[in-house]
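Proteins come first, then strands; the chains are lettered A, B, ... in the order of their sequence lines, and each starts at number 1.
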Number of protein chains: 2
Amino acid sequence: MTSKKAPTMKDVAREAGVALGTVSKVLNGIPVSEKNKLKVEEAIRSLNYEVNTYARGLKMQKSNLIALIIPNTTNPFFAAFAYYIEAALYKKGLRLLLCCADGMPEKEIDYLNLAANNKVDGIIALTYSDIGSYIPEHLPIVVFDRFFENPSIPRIASDNFAGACLAIEKLLEFGCRHPVYIRFHSVFPGESDKRKEGYLYACEKYGIEPDYLDLVDSNYEPAVLKEFLKQHKNPDGTLNFDGVFAHTDYHGYMFKNILQEEGYRVPEDVQIIGFDGINLFGNREDGPVISSICQPIDRLAEQCVEILTSQKDSLPPSLTLLPVKYRYGGTTRE
Amino acid sequence: MTSKKAPTMKDVAREAGVALGTVSKVLNGIPVSEKNKLKVEEAIRSLNYEVNTYARGLKMQKSNLIALIIPNTTNPFFAAFAYYIEAALYKKGLRLLLCCADGMPEKEIDYLNLAANNKVDGIIALTYSDIGSYIPEHLPIVVFDRFFENPSIPRIASDNFAGACLAIEKLLEFGCRHPVYIRFHSVFPGESDKRKEGYLYACEKYGIEPDYLDLVDSNYEPAVLKEFLKQHKNPDGTLNFDGVFAHTDYHGYMFKNILQEEGYRVPEDVQIIGFDGINLFGNREDGPVISSICQPIDRLAEQCVEILTSQKDSLPPSLTLLPVKYRYGGTTRE
């Protein structure tokens, strides 16, 4: 398309002052001396040399493309995850093929086929579809949060169990005596189910009577939270709970609005801690949506890329959990 | 990678009951009878046949990949734009290569080079980098909002001028008498600059004294808005404005928080209309951030894809503007 002729591998060799074979070795990841490697890389940069990926694809079966399957990019958690995955791939010279699969499992299967046929080098999947049986053995794939039947699929997640315990401990520390839990969960099993286990464990540990709402995600609507609130009102209008652990920041934020609409003060009457650690507008400095147990989204993304790209050399751990932390966001007394 | 042998073009021909040449024609977009086309498409689906894109790439110079250059996916407007671009591409059998280029022009240039070398079929760019001189002539590219020196680059944008007029008209309709404008803008010229032109036009039309804050985006910080507020206070503590047109929803939301922190009521004391129409949490049903002039993000994305994919057949319009509309979001009296 450009009138200027694109530089060839020969041009790179001339510029670097090395043999053509040395350039080829560097491009194909075959070891050469560090000195020559640097020379070639410098020449590639200065000439703006582009490897012909089609020809390489046929020969090496490498596309340098990684597909990210994600429900959408409009949910702020998914948006941040996609952002950090792209950044982590770019650092490794890989490019991101984006698949937003919200409610379209056939779209996810398309991308699994691409990987099975070596059209992409691997898959990173954050999925709520029933695609387990479509994942071929030995496909380069890592999965975020979700549990699949095939135990050889490496999974990355936050430490949801510890996070739920931490949420309850923080609420108690800030003066709550009756924290409740509101949960809206996917029908597919995943690591985030351990938030409930963590809540129940913390209740037992600290002598709290468990009191929670537990529904599948698709049943979420404000009316459900309003009904929960109604059932927890004392005859004098006060509430018989003073803390909320919300399964996600989203649900915590929605509950906050409902509480405030009904005249309860947050955090004076009710303190709320969510889970995820998302930011309004995606800008970190603009702060959190609510007080939250934050998933380390950047490190989760880096870990996905790390494990995916090291699969050829070593057997990845079947489950990698990263630590979470508490962050103040206006809905707690600290 | 899979043990099962992948189906070949021959298998498709056999399954469809047509000649091999017919399959090849369908795959390469060469017209055949509608009946045969349907047969081949059905066979491709039932066999789960994957075209070998490497071999095709060499022959046809088509990758079926479109690169989207965007600052990030964490800003909700960009997140929604990426989401709708992906959906529009998928409908046309194209895949999205995601490039988040926040502050890294060299990354954008990488992707421009990919397009120049036919490694991707085209580029959709939403960019705030100084990359104009790196865009080769005749590169298949469409640009959102941003103005480049090369007038042959097709641009898509919302009707920002009309949107700004609409914002002022709505504020007046809802009882404002002194609307001000707060603007934080990119250093690069683009269609969104017309929000200011529209504001000034509306001021003249309705006999309002223009009163605005106009800074480059990188100078945004809450202190700037607090100072603007201070300068607009009457001796009795009331404000000498009663309406705000904010250049973006983000800045309008930030100003709303500052006004409320200082004890002013929104919308009772001050009404605010932003620009963009973004949603908290990206879920449409959860409603807007503030009252806003909404950009039709879904249609803008579709239009980008439409114009990019029709470039071979016809000369695209150099500028396509899509209409905006007002949406209530809690910060106005209607």
Side-chain angles (χ1 to χ4, degrees), chain A residues 1-4 6 48 50 52-58 61 63 65 67-68 72-76 78-80 82-83 86-87 90 95-100 102 104 107 109-111 113-119 136-140 249-250 253-254 278-286 289, chain B residues 1-4 6 48 50 52-58 61 63 65 67-68 72-76 78-80 82-83 86-87 90 95-100 102 104 107 109-111 113-119 136-140 221 249-250 253-254 278-284 286 289:
Chain A
M1 286 279 176
T2 42
S3 51
K4 205 181 138 197
N48 225 339
E50 274 292 336
N52 184 328
T53 42
Y54 292 127
R56 287 195 75 196
L58 276 172
Q61 293 293 324
S63 63
L65 297 175
L68 171 65
N72 57 63
T73 56
T74 53
N75 169 302
F78 302 153
Y83 178 74
E86 196 270 355
Y90 186 74
R95 297 198 167 94
L96 174 65
L97 215 54
L98 179 67
C99 169
C100 294
D102 243 347
M104 288 175 282
K107 206 166 162 180
I109 293 163
D110 269 3
Y111 281 82
N113 285 334
L114 281 182
N117 294 310
N118 296 324
K119 308 281 167 53
E137 288 266 358
H138 309 301
L139 187 81
D249 287 351
Y250 169 71
Y253 180 85
M254 291 297 149
I278 61 173
N279 294 303
L280 276 171
F281 302 102
N283 291 20
R284 222 165 304 229
E285 63 266 41
D286 297 317
V289 175
Chain B
M1 288 278 175
T2 43
S3 53
K4 207 182 137 195
N48 227 338
E50 276 288 337
N52 184 328
T53 43
Y54 294 125
R56 288 194 76 195
L58 278 173
Q61 292 293 322
S63 63
L65 296 175
L68 172 65
N72 58 63
T73 57
T74 53
N75 169 303
F78 302 154
Y83 178 73
E86 196 269 356
Y90 186 74
R95 296 198 167 96
L96 174 65
L97 216 55
L98 180 67
C99 168
C100 294
D102 244 346
M104 289 175 281
K107 206 165 162 181
I109 293 163
D110 269 3
Y111 280 82
N113 284 335
L114 281 182
N117 294 313
N118 296 324
K119 309 281 167 54
E137 289 265 358
H138 309 302
L139 187 81
E221 51 174 317
D249 286 351
Y250 169 72
Y253 180 85
M254 292 297 149
I278 62 173
N279 294 301
L280 277 171
F281 301 103
N283 291 18
R284 223 165 304 231
D286 298 317
V289 175

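Side-chain contact check for B:Thr73 versus A:Glu86: every heavy-atom pair is 4.5 Å or farther apart. Proximity of A:Phe281 to B:Val289: side-chain heavy atoms (C-beta onward) are separated by under 4.5 Å at one or more points. Two residues are said to be in side-chain contact when any heavy atoms from C-beta on lie closer than 4.5 Å; A:Leu97 and B:Leu65 meet this criterion.
Both the backbone and the side chain of A:Asp110 come within less than 4.5 Å of a heavy atom of chain B. Heavy atoms closer than 4.5 Å to chain B are found in the side chain of A:Met254, but not in its backbone. At a 4.5 Å heavy-atom cutoff, the contact between A:Ile278 and chain B is made by side-chain atoms alone. Heavy-atom distances place the side chain of A:Tyr253, and not its backbone, under 4.5 Å from chain B. Only the side chain of B:Tyr90 comes within contact range of chain A, with heavy atoms under 4.5 Å apart.
The OG atom of B:Ser63 lies 12.0 Å from the CG atom of B:Asn117; values are rounded to the nearest 0.5 Å.
Considering only heavy-atom pairs separated by less than 4.5 Å from chain B, the leading option among A:Leu114, A:Leu68, A:Asp102 is A:Leu114.
Closest of all the heavy-atom pairs between B:Tyr83 and A:Thr74 is CB-CG2, 3.9 Å.
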